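In what follows, a structure is listed as structure tokens, so that the remarks can point back to it.
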Amino acid sequence: MTTETLDRPDGLAGQPEFGEVYARVQHFYAHQMQLFDRHDADGWAATFTQDAVFSVPTLDAPVRGRAHLAANVLRNRRRQEDSGEQHRHWIGMLDVRPGPDGALRTRCYALVYVTPRGGSSRLLRVCVMEDELVPGEGGWLTRRRVVTRDDLACGRGTA
Amino acid sequence: MTTETLDRPDGLAGQPEFGEVYARVQHFYAHQMQLFDRHDADGWAATFTQDAVFSVPTLDAPVRGRAHLAANVLRNRRRQEDSGEQHRHWIGMLDVRPGPDGALRTRCYALVYVTPRGGSSRLLRVCVMEDELVPGEGGWLTRRRVVTRDDLACGRGTA
Amino acid sequence: MTTETLDRPDGLAGQPEFGEVYARVQHFYAHQMQLFDRHDADGWAATFTQDAVFSVPTLDAPVRGRAHLAANVLRNRRRQEDSGEQHRHWIGMLDVRPGPDGALRTRCYALVYVTPRGGSSRLLRVCVMEDELVPGEGGWLTRRRVVTRDDLACGRGTA
């Protein structure tokens, strides 16, 4: 587990512009998730750093770098075209804290909804997502992401 | 489809006050959705411009103007009083970009939850909502809205 | 019912820094809900005032004060350890308005998701949450909370 103690809001929250930063990070994630659900492989990969590391329990090994990240989106696109399902990734309960070297550490919940063509929408998955964000051209970039799934997690009382 | 390319955050996001604008737009939607779910027909209609156009796949034709918008809320109220169901509309993954003439263009996901009296809550619908917002008295007003439902959408890979 | 009329955005929304306040309140709730779901009893209780009153329909009487609030979290922890279920509390559609004496009044929707170990996640509950927030050390504190559940509510058309 990569969880950490979530203390009371700290130095960052005490800064005069914290709300401005927080709202921009929310926007970053809204944009990033919309690109993912549209299967915009290159657009989505460009919201990560060149050397980003992405760990998610449904993949055998962490994904490294934009080219591999984009390839995953294209694989998702093919799967969803075959199945006729539309996925929607939804972020919330976003905590933002200062990280090393001007980076931000975020921890949020992530839901995945799925809708089959002509069928009923349903909740597919509840996850926790932890990111390290660094400043990049035009906004933030994800340098490192770890996703845990509630259905697979162990020791979840502290997850 | 009214979808557009979602580029990397653009000019608006580069402005010093973008987070301030973004948070206010979030608040606008929270307020607007609460009015809708309370069946406050006039209050909700007042969050649209006088000549607003509202397109949603469950209606045969776009709704035009505040009087017709309010009438739809009253129809919903009667239906839900008859059925004993409480609906909750939930917005998220909100993208905000500059539109023409000081307007904003937004694109977000919209979920509808329904709870029968004494029964289990469930997810009713997953939608994408695209708005054009213009400045009005006391905040933003919706001038144009297009809602697409994931269960009805075609060509959804790019939706 | 403790509901009130939700007027058009008022004095607070007209203030130049409203977006800054709104984003910080969002962050407060994200932090507070994460503490709750991690069963961090003392951390969560510390986001309430010493004399806070918490009313929720699943408890026979309102909970008063940090010690009793913390005890509830520990009881939840034991229950969830026994059942193997992970709960996630999710806040949205947050309305924020000025209250008396520099306090804020908030009204939002609250969802509860539950995931059994190795099983499918599901929506457990849809609620409305109304808070009174007061400034405290390092941010806001909840002084009073009233939660209503959509499945139990009566007169829900105005809820």
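Note on naming: letters A, B, ... go to the chains in the order of the sequence lines (proteins, then strands), and numbering restarts at 1 for each one. Everything numeric here is computed off the predicted structure, so don't read it as measured data.
The shortest non-hydrogen separation linking B:Tyr22 to A:Ala30 is OH-CB, 4.0 Å. Across all their heavy atoms, B:Gly19 and A:Arg24 have their closest contact at N-NE, 4.1 Å.
Using a 4.5 Å heavy-atom threshold, the side chains of B:Asp95 and A:His27 count as touching. Looking at heavy atoms from C-beta onward, A:Arg88 lies out of side-chain contact with B:Met93 at the 4.5 angstrom threshold.
Atom NE2 of A:His87 and atom CG of B:Asp150 lie 10.5 Å apart (nearest 0.5 Å). Atom CD in B:Glu20 sits 9.0 Å away from atom CD in A:Glu17 (nearest 0.5 Å). Between atom CG of residue B:Leu123 and atom OG1 of residue A:Thr115 there is a gap of 7.5 Å, rounded to the nearest 0.5 Å.
For a residue to count as touching a neighbouring chain, one of its non-hydrogen atoms must lie under 4.5 Å from one of that chain's; by this rule A:His89 touches chain B with the backbone only. The part of A:Tyr113 that comes within reach of chain B is its side chain, from C-beta onward, which places non-hydrogen atoms under 4.5 angstrom from that chain. Using a 4.5 Å cut-off between heavy atoms, A:Gln32 makes no contact with chain B at all.
For A:Asp82, the CG atom counts as densely surrounded, since its 6.0 Å shell holds more than 12 non-hydrogen atoms of other residues, nucleotides or ligands. The environment of B:Asp51 atom CG is dense: over 12 non-hydrogen atoms of other residues, nucleotides or ligands sit within 6.0 angstrom.
With sequence neighbours excluded, the residues satisfying side chain to side chain contact (heavy atoms under 4.5 Å, CB included) with A:Arg143 are A:Thr49, A:Ala103, A:Glu132, A:Val134. Here A:Val53 pairs with A:Ser55, A:Pro62, A:Arg64 under the side chain to side chain contact (heavy atoms under 4.5 Å, CB included) rule; sequence neighbours left out.
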Checklist entry - side-chain hydrogen bond (donor to acceptor under 3.5 Å, both in side chains) between A:Asp37 and B:Tyr109: does it pass, once the steps are laid out? => result CA-CA 11 Å; A:Asp37 293 334; B:Tyr109 298 165; 2.6 Å; yes
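Between the side chain of A:Gln34 and the backbone N or O of B:Arg107 there is at least one donor-acceptor pair closer than 3.5 Å.
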